[in-house]
Number of protein chains: 2
Amino acid sequence: MNDLASRPGERGSLAGRTTRQRSAVRRVLDGCADFVSAQALYERLITTDLPVGLATVYRTLRELERTGRVDVIRDKSGERRYRRRPDDGHRHYLICRACGRSRPVESQVVEEWAERAGELSGYAAVEHIVELTGICTRCRPDTSERPDGEDV
Amino acid sequence: MNDLASRPGERGSLAGRTTRQRSAVRRVLDGCADFVSAQALYERLITTDLPVGLATVYRTLRELERTGRVDVIRDKSGERRYRRRPDDGHRHYLICRACGRSRPVESQVVEEWAERAGELSGYAAVEHIVELTGICTRCRPDTSERPDGEDV
DNA sequence: GTTTTTGCAAAGCTTTTGCAATCCG
DNA sequence: CGGATTGCAAAAGCTTTGCAAAAAC
């Protein structure tokens with residue numbers, strides 16, 4: 001379905017110069033509650049903020065990804081989607097396949113599992129990708145009454 | 001980096017007719033120890049088995065994916081790679097970023113975690129994607145002596 | 001005044017699709 | 001035979017790249 005990268009460390013240095021375009025990309029990205037594709041972000045930018053070039057959006061997002069300030073997933077069709085990484089370290093999400101809304105989930109267990117698997121196997125520099133998808137309560141008006149609370 | 005789909009159930013019916021091409025695709029795919037891309041599989045096919053069309057390879061792989069007989073990952077560049085799914089139900093792998101070799105890993109913990117997260121959140125039909133990558137011992141002739149054993 | 005960035009358009013890639021010819025059952 | 005399948009080539013997308021013009025510092 002898709003994937004979510006979770007790289008260790010690597011909170012590298014920022015990009016080079018501060019330009020209006022880059023600021024705009026970050027600003028609009030920050031304004032997005034959920035994962036957005038580069039193309040969608042581009043649309044938002046030129047319609048609600050600053051008319052930037054699509055290539056610039058891609059370049060900026062790649063840089064943000066490289067420096068670990070966004071989480072990235074890939075949807076079914078292979079399109080990448082970006083979301084500003086929360087400062088508190090959340091890195092795994094449960095994403096609604098119907099509406100696309102995402103929410104961070106408790107992932108302590110998985111982190112540990114991944115680490116252990118790496119140790120047992122003797123592999124070095126083990127990284128993991130984890131993503132959950134489902135149908136949220138709002139998109140499933142039928143059964144169940146459980147509220148769509150926050151973090152699991 | 002990439003991703004690995006793990007769908008519940010859905011061991012659906014086979015494709016329609018049995019053709020030489022489809023048999024060849026499966027045959028060559030079975031002969032691949034690790035994940036291969038459609039393009040790579042196509043190369044192998046026309047050079048060592050049967051000259052099939054690239055489109056046919058894609059169509060066959062999509063069908064195999066749909067019926068749950070292959071596991072799929074996406075590499076960094078977004079290219080899909082396929083691997084015959086073991087009959088014993090293994091579904092998560094630890095893949096070497098250097099040589100591409102993959103090995104199934106024990107994933108009981110993650111399966112349970114995913115299920116629990118789904119329940120707690122109230123999301124329905126929760127599916128998960130999990131993949132581990134690292135550098136295997138063979139690709140790291142330096143330190144460590146731990147053997148590259150089988151399943152973790 | 002340099003050096004980095006931007007933007008546009010063109011190119012790259014993998015994957016999908018249209019359609020006539022071909023094959024399977 | 002008759003419908004499913006193949007192959008080829010063209011089409012689709014998303015993302016990257018080349019390069020001259022523009023912006024930063």
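Here is the naming used below: chain letters follow the sequence lines, and residue numbers restart at 1 for every chain.
- Here dT15(D) presents its C1' atom at 14 Å from OH of Tyr42(A), a figure rounded to the nearest Å.
- Salt bridge status for Arg84(A) with Asp30(A): present, with a side-chain N to carboxylate O gap under 4.0 Å.
- A straight line from CZ of Arg62(B) to C1' of dT5(D) spans 13 Å, rounded to a whole angstrom.
- No close placement of the Tyr42(A) and Tyr58(A) rings is indicated, their centers lying 6.0 Å or farther apart.
- A straight line from CD of Gln21(A) to P of dA23(D) spans 9 Å, rounded to a whole angstrom.
- The interatomic distance linking Arg59(A) (CZ) with dC14(D) (P) rounds to 18 Å, in whole Å.
- Glu65(A) has its CD atom 17 Å from the P atom of dC14(D), to the nearest Å.
- Between Arg22(B) and dT6(D) there is a side-chain N or O to OP1 or OP2 distance below 4.0 Å.
- Distances from the side chain of Ala55(B) to the nucleotides dT4(C), dC8(D), dT15(C) place dC8(D) closest.
- Residue Leu50(A) is the one, among Gln39(B) and Leu50(A), whose nearest nucleotide of DNA chain C lies closer to the 5' end (criterion: closest heavy atom).
- For the pair Arg20(A) CZ and dA23(D) P, the interatomic distance rounds to 7 Å; values are reported in whole Å.
- With dT4(C), dT15(C), dT15(D) as the candidates, the nucleotide lying closest to the side chain of Glu79(B) is dT15(C).
- Across Ala24(B) and Leu50(B), no two heavy atoms sit closer than the pair CB-CB, 4.0 Å.
- Heavy atoms of Thr18(A) sit under 4.0 angstrom from primed sugar atoms or phosphate atoms, though from no base atom.
- A straight line from OH of Tyr58(B) to P of dG18(C) spans 18 Å, rounded to a whole angstrom.
- Residue Arg80(A) is in sugar-phosphate contact alone, with no base atom involved, counting any heavy-atom pair closer than 4.0 Å across all strands shown.
- The base of dC25(D) has none of its N or O atoms less than 3.5 Å from a complementary donor or acceptor on the side chain of Arg17(A).
- Classified by interplanar angle (parallel below 30°, tilted 30° to 60°, perpendicular above 60°), the ring pair His92(A)/His128(A) is tilted.
- Screening residues 45-55 of chain B for side chain to side chain donor-acceptor pair (under 3.5 Å), with sequence neighbours left out, gives Arg27(B)-Asp49(B).
- An OP1 or OP2 oxygen of dT6(C) is reached within less than 4.0 angstrom by a side-chain nitrogen or oxygen of Thr19(A).
- Of the candidates dC24(C), dT15(C), dT6(C), dT6(C) carries the atom nearest the Thr56(A) side chain, counting heavy atoms from C-beta on.
- When the C1' atom of dC13(C) is taken as reference, atom CZ of Arg81(B) falls 14 Å away, rounded to whole Å.
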